[in-house]
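Reading through the structure tokens given below for one structure.
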2 protein chains.
Amino acid sequence: MQLPPRSELNRMHAELCTAVADPIRIAILYALSDGPRYVSEIREQLDLPQSTVSRHLAVLRATGIVADERQGRKVRYHLADHRVVEAIDLLRAVMADRVQARARSIKSAQE
Amino acid sequence: MQLPPRSELNRMHAELCTAVADPIRIAILYALSDGPRYVSEIREQLDLPQSTVSRHLAVLRATGIVADERQGRKVRYHLADHRVVEAIDLLRAVMADRVQARARSIKSAQE
DNA sequence: GGTCTTTTTGCATAATTAGCCAAACGCGTT
DNA sequence: AACGCGTTTGGCTAATTATGCAAAAAGACC
């Protein structure tokens, strides 16, 4: 099998990025980074309609970022690859730096 | 100044992720990871309409991922924070592993 | 089979985004 | 000031995505 062309790889790459580019999905990923969770636990923690949580989990599942396993009538989700959380942590650090820099500049402008 | 609530941080975080969640922007970021580039160079390398490249650069600029500086009539762009490329590299590795795993499973199914 | 619990899905609506062409803008040159 | 080059933006269309409610599925238990 030959490798896909670079543009195709970029498309798949973007698909992966798109999956983590949502506030709710980010919250879900951080919840899962502490360990496996049932859908109901996530729903409770985020205080969102069941269907909303389920859809977002479906997006993450479709891209292979998380995996699920039935446990009786519940479904438990867990991270499939921890590097995804590492990646969004990196971006979060970038963002945190920016927020902090902005706070500093506001403060100095007030003095 | 007090920190924004977590949901607000997640929203900003997602904004950052959204900015990198596009095949063209990923290609641009990789081009810039080698060093600063003029818009015309990027346009040429990616073989896209000028306006398309410009819009994507505007998205990256708006989120602070890249910065620009005029050089005569040209505009040169460069990465503002190298960690963004590190982050997408991590995701690219995850994707590459998945592509490879799929290739292996196809191959073994053919045997 | 009927019922309760947990999760997913159908459907309709609202909002966001990409894309291109053509017009405008900014800057250097004559 | 007129022209040319490089870049951005206005305006429109097409496509994608999120959302919530209500209905359906899947499993456990009687």
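Worth saying up front: this structure is predicted, and the values here are computed from it rather than measured. Every chain is numbered from 1 and lettered A, B, ... according to where its sequence line falls, protein lines coming before strand lines. Side chains included, hydrogens not; waters and symmetry mates left out as well; all remaining heavy atoms used.
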*Out of dT5(C), dT7(D), dG6(D), which has the shortest distance to the side chain of Arg73(B)?*
dG6(D)
_Length of the CG-P vector between Leu60(A) and dT17(D), whole Å_ = 14 Å
*Taking only the side-chain heavy atoms of Lys74(A) (C-beta and beyond), determine which of dT6(C), dC5(D), dT8(C) contains the nearest atom.*
dT6(C)
*Measure from CG on Leu46(A) to C1' on dT7(C) and round the result to the nearest Å.*
16 Å
*Measure from CD on Glu41(A) to C1' on dT5(C) and round the result to the nearest Å.*
15 Å
*Which nucleotide in the set dT9(C), dA26(D), dT7(D) lies at the smallest distance from any side-chain heavy atom of Ser51(A)?*
dT9(C)
*Between C1' of dA18(D) and CG of Asn10(B), the distance in whole Å*: 16 Å
*Minimal non-hydrogen separation, Thr18(B) against Arg25(B), with atom names*: O-NH2, 3.2 Å
*Quickly work out the Glu69(A) CD to dT7(C) C1' distance and round it to whole Å.*
15 Å
*Should Arg61(A) and Tyr77(A) be marked as a side chain to side chain contact (heavy atoms under 4.5 Å, CB included) after you check the CA-CA gap, both sets of side-chain angles, and the distance that decides it?*
CA-CA 9 Å; Arg61(A) 183 161 27 89; Tyr77(A) 280 82; 3.1 Å; yes
*May I ask you to evaluate whether Tyr77(A) reaches the phosphate of dT6(C), defined as a side-chain N or O under 4.0 Å from OP1 or OP2?*
no
_Can you tell me if Glu44(B) has over 12 outside heavy atoms packed within less than 6.0 Å of its CD?_
no
*Looking only at non-hydrogen atoms, find the nearest pair between Pro49(B) and Arg43(B) and report the distance.*
C-CG, 4.4 Å
*Using a strict cut-off of less than 4.0 Å between a Lys/Arg side-chain nitrogen and an Asp/Glu carboxylate oxygen, indicate whether Arg98(B) and Asp81(A) qualify as a salt bridge.*
no
*asked:* Whether the side chain of His13(B) engages the backbone of Ile88(A) through a donor-acceptor N/O pair (distance < 3.5 Å, no angle test) should be reported.
replied: yes
*First encountered from the 5' end of DNA chain C, between Asp68(A) and Arg70(B)*: Asp68(A)
*With sugar-phosphate meaning primed atoms plus P, OP1 and OP2, does Ser40(A) contact a base, only sugar-phosphate, or nothing at under 4.0 Å between heavy atoms?*
sugar-phosphate
_Between Gln71(A) and Leu57(B), which residue's closest nucleotide on DNA chain D lies nearer the 5′ terminus?_
Leu57(B)
*asked:* A side-chain contact here means heavy atoms from C-beta on lying under 4.5 Å apart; do Leu57(B) and Asp68(B) qualify?
replied: no
*Interatomic distance, Leu48(B) CG vs dC20(C) C1' [rounded to whole Å]*: 11 Å
*Over how many whole Å does the gap from Tyr38(A) atom OH to dG27(D) atom C1' extend?*
14 Å
*Rounded to whole angstrom units, what separation is found between the CZ atom of Arg76(A) and the C1' atom of dG27(D)?*
17 Å
*For every nucleotide of nucleotides 14-19 of chain C, 5' to 3': is a protein heavy atom under 4.0 Å from its base (B), only from its sugar-phosphate (S), or from neither (-)?*
----SS
